[in-house]
**Student:** 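Take this structure first; my questions come after.
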Amino acid sequence: MTTMDALLSQFNLQSELPTFFELYTQEFLSQALPQALQWALKSLAVSFPSVWKIAKNPEEWSHLIWLACEYHFVVNYDATFAENFYSIRRWKIGPDGKRHRLSHADHLYTMFSEVGLSYISTKLKGWNTEYLEQLENEVHSSERSTGLQVQKKKLLNLFHKKLYRYLRCMFELTQLWFSLRYIFKKSKYYSLLLWFRGITLHRLTMKDMQTWQQDGGMKLMNGSRLAMLVAFILWSVGEWWWAPKKKEGDTNDPIPPPPPKPKVVRGLPIDDSLCKQCLKPMVNATQCVPSGFVFCYTCIQSYVSEHHKCPVTNIAASPECLRRIFEVT
């Protein structure tokens, strides 16, 4: 199949398999649900202080609400909320190659792959952000770390800079591989998680709709879509209506003063064109970012690599904190 044929096949609405664009859209909706719930909890906490206890842990509460929603749709319709919203359902491919309804274990696996992995990924991203912020704070701190803290930093550095990034990169590349195979009709599995359990995604058939209509499922499906749309419109209007109005003539807050200069522990040359380490004219001027002082590249590189601090202020520094200056005025 050529590239053009593959792309044109994604507009075939007669196929029982949903197109790549439909699956990508429902996946985007699924990823946006916990973020929307977190935003709603934080917004409610502003207007209703009693909700603040819940809003303190928005990730846990939003995923718990999401889990309850997914449980209802997965157990009753063999589809997540986002899949059901786009008229898609799941089928289990048995050893005989035939389609079967999802078992109880498949329901649990679906909820874990949707909600559980999303929660784990959110936590890992948060921990990675906190770790980077701690590194930034330590760069500007002059305190020395103990032996235990050094070992802890090495383990965190190994996880955040290598293991976490490699695992995330491998997962994204694998997802890309499955997406390309799905587009070119080489596989009926849209993602690694679906392939692992032998679950495929299909469009709802008329038989499915008639069955759910008899059980009242179609009314609930259409009602959930309408309720979601109305809630979004009402929430947007309410946020705009009760938003604080900015009075004419109001100005932004004043810019705070710069931080104080770091304490100097050694004498400095009067001429700023001289290196603060060798006291000679600077060659390849390089700034030590934590302290702000400029040195020769070779001087500061060798000193920081050996002592892990600025030679003028004793502020903790590393070779990654050095920045070349290509023009000095």
Side-chain angles (χ1 to χ4, degrees), residues 31 35 59 121-173 175-176 246 249-329:
Q31 295 173 356
Q35 300 176 11
E59 297 172 354
S121 176
T122 302
K123 282 298 183 182
L124 288 177
K125 288 179 182 178
W127 292 337
N128 188 59
T129 303
E130 292 178 2
Y131 172 74
L132 295 178
E133 291 177 353
Q134 290 177 1
L135 283 183
E136 184 69 19
N137 294 333
E138 290 175 0
V139 166
H140 297 280
S141 174
S142 58
E143 297 181 0
R144 299 184 63 87
S145 302
T146 63
L148 182 61
Q149 290 175 334
V150 171
Q151 293 296 329
K152 183 179 178 181
K153 288 179 183 177
K154 288 182 179 179
L155 292 176
L156 289 174
N157 185 65
L158 174 64
F159 174 76
H160 288 283
K161 287 191 174 181
K162 294 184 179 180
L163 186 61
Y164 173 73
R165 294 182 180 180
Y166 290 156
L167 288 176
R168 186 171 180 82
C169 179
M170 290 176 58
F171 179 79
E172 295 296 339
L173 289 176
Q175 178 62 32
L176 176 62
K246 187 175 181 180
D250 287 352
T251 57
N252 296 328
D253 295 335
I255 300 176
K261 292 184 179 181
K263 184 179 179 181
V264 177
V265 297
R266 55 180 290 184
L268 298 176
I270 300 176
D271 190 353
D272 290 336
S273 64
L274 299 180
C275 173
K276 311 302 183 292
Q277 179 69 5
C278 66
L279 304 180
K280 297 179 181 179
M282 276 185 284
V283 180
N284 293 330
T286 302
Q287 182 188 45
C288 181
V289 174
S291 65
F293 288 99
V294 182
F295 309 84
C296 296
Y297 175 76
T298 54
C299 294
I300 188 62
Q301 172 71 19
S302 58
Y303 188 90
V304 168
S305 299
E306 181 179 356
H307 300 283
H308 305 287
K309 62 180 181 179
C310 172
V312 176
T313 63
N314 284 343
I315 294 179
S318 63
E320 289 78 10
C321 301
L322 305 181
R323 299 292 183 269
R324 288 283 303 278
I325 299 177
F326 296 96
E327 182 178 357
V328 179
T329 57

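Start at 1 with the first residue, then count along the sequence. The analysis underlying the following values was restricted to heavy atoms, covering all of them including side chains, and did not include hydrogens, waters or symmetry mates.
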**Student:** Can you measure from CD (Q35) to OG1 (T122) and round to the nearest 0.5 angstrom?
**Tutor:**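 The OG1 atom of T122 is 7.5 Å from CD of Q35, to the nearest 0.5 Å.
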**Student:** How long is the gap from CZ on F293 to CD1 on I300, to the nearest 0.5 Å?
**Tutor:**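 Answer for the CZ-CD1 pair, F293 versus I300, is 11.0 Å.
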**Student:** Given the rule in the side chain to side chain contact (heavy atoms under 4.5 Å, CB included) test, do K280 and C275 qualify, once you have shown the distances and angles that lead to the verdict?
**Tutor:** CA-CA 5 Å; K280 297 179 181 179; C275 173; 5.6 Å; no
**Student:** For S273, give me all partners under side chain to side chain contact (heavy atoms under 4.5 Å, CB included), at least two apart in sequence or on another chain.
**Tutor:**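 For S273 the side chain to side chain contact (heavy atoms under 4.5 Å, CB included) partners, ignoring immediate neighbours, are D271.
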**Student:** Between SG of C288 and NZ of K276, what distance do you get to the nearest 0.5 Å?
**Tutor:**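 Here the interatomic distance stands at 12.0 Å.
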**Student:** State, to 0.1 Å, how close P290 and C321 come at their nearest heavy-atom pair, and which atoms those are.
**Tutor:**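 In terms of heavy atoms, the two residues are closest at CD-CB, 3.6 Å.
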**Student:** May I ask you to decide if V294's main-chain N or O and Q287's side chain share a donor-acceptor pair within less than 3.5 Å?
**Tutor:**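 Side chain of Q287 to backbone of V294, a donor-acceptor pair under 3.5 Å: no, none is there.
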**Student:** Could you go through M282 and Y297, starting from their C-alpha distance and side-chain angles, then the distance that decides it, and tell me whether this counts as side chain to side chain contact (heavy atoms under 4.5 Å, CB included)?
**Tutor:** CA-CA 8 Å; M282 276 185 284; Y297 175 76; over 6 Å; no
**Student:** Using atom types as modelled and distance alone, determine if a side-chain donor or acceptor of T298 lies under 3.5 Å from a backbone N or O of C296.
**Tutor:**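 Flag not set: sc T298 to bb C296 has no pair under 3.5 Å.
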**Student:** Can you tell me how far OG of S291 sits from NZ of K309, rounded to the nearest 0.5 angstrom?
**Tutor:**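 If we round to the nearest 0.5 Å, K309:NZ and S291:OG are 12.5 Å apart.
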**Student:** Look up atom SG in C310 and atom CZ in F295, then write down how far apart they are to the nearest 0.5 Å.
**Tutor:**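 Rounded to the nearest 0.5 Å, the SG-CZ separation comes to 4.0 Å.
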**Student:** Just verifying a value: how many Å separate Q301 CD and R324 CZ, rounded to the nearest 0.5 Å?
**Tutor:**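 So the CD of Q301 and the CZ of R324 are separated by 11.0 Å.
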**Student:** Who are the side chain to side chain donor-acceptor pair (under 3.5 Å) partners of K123, not counting sequence neighbours?
**Tutor:**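 Partners of K123 under the side chain to side chain donor-acceptor pair (under 3.5 Å) test: E59, E60.
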**Student:** Does R323 have any side chain to side chain contact (heavy atoms under 4.5 Å, CB included) partners at least two apart in sequence or in another chain, and if so, which?
**Tutor:**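 With neighbours one apart ignored, the set is V289.
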**Student:** State, to 0.1 Å, how close L279 and L274 come at their nearest heavy-atom pair, and which atoms those are.
**Tutor:**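 Closest heavy-atom pair between L279 and L274: O-CD1, 4.1 Å.
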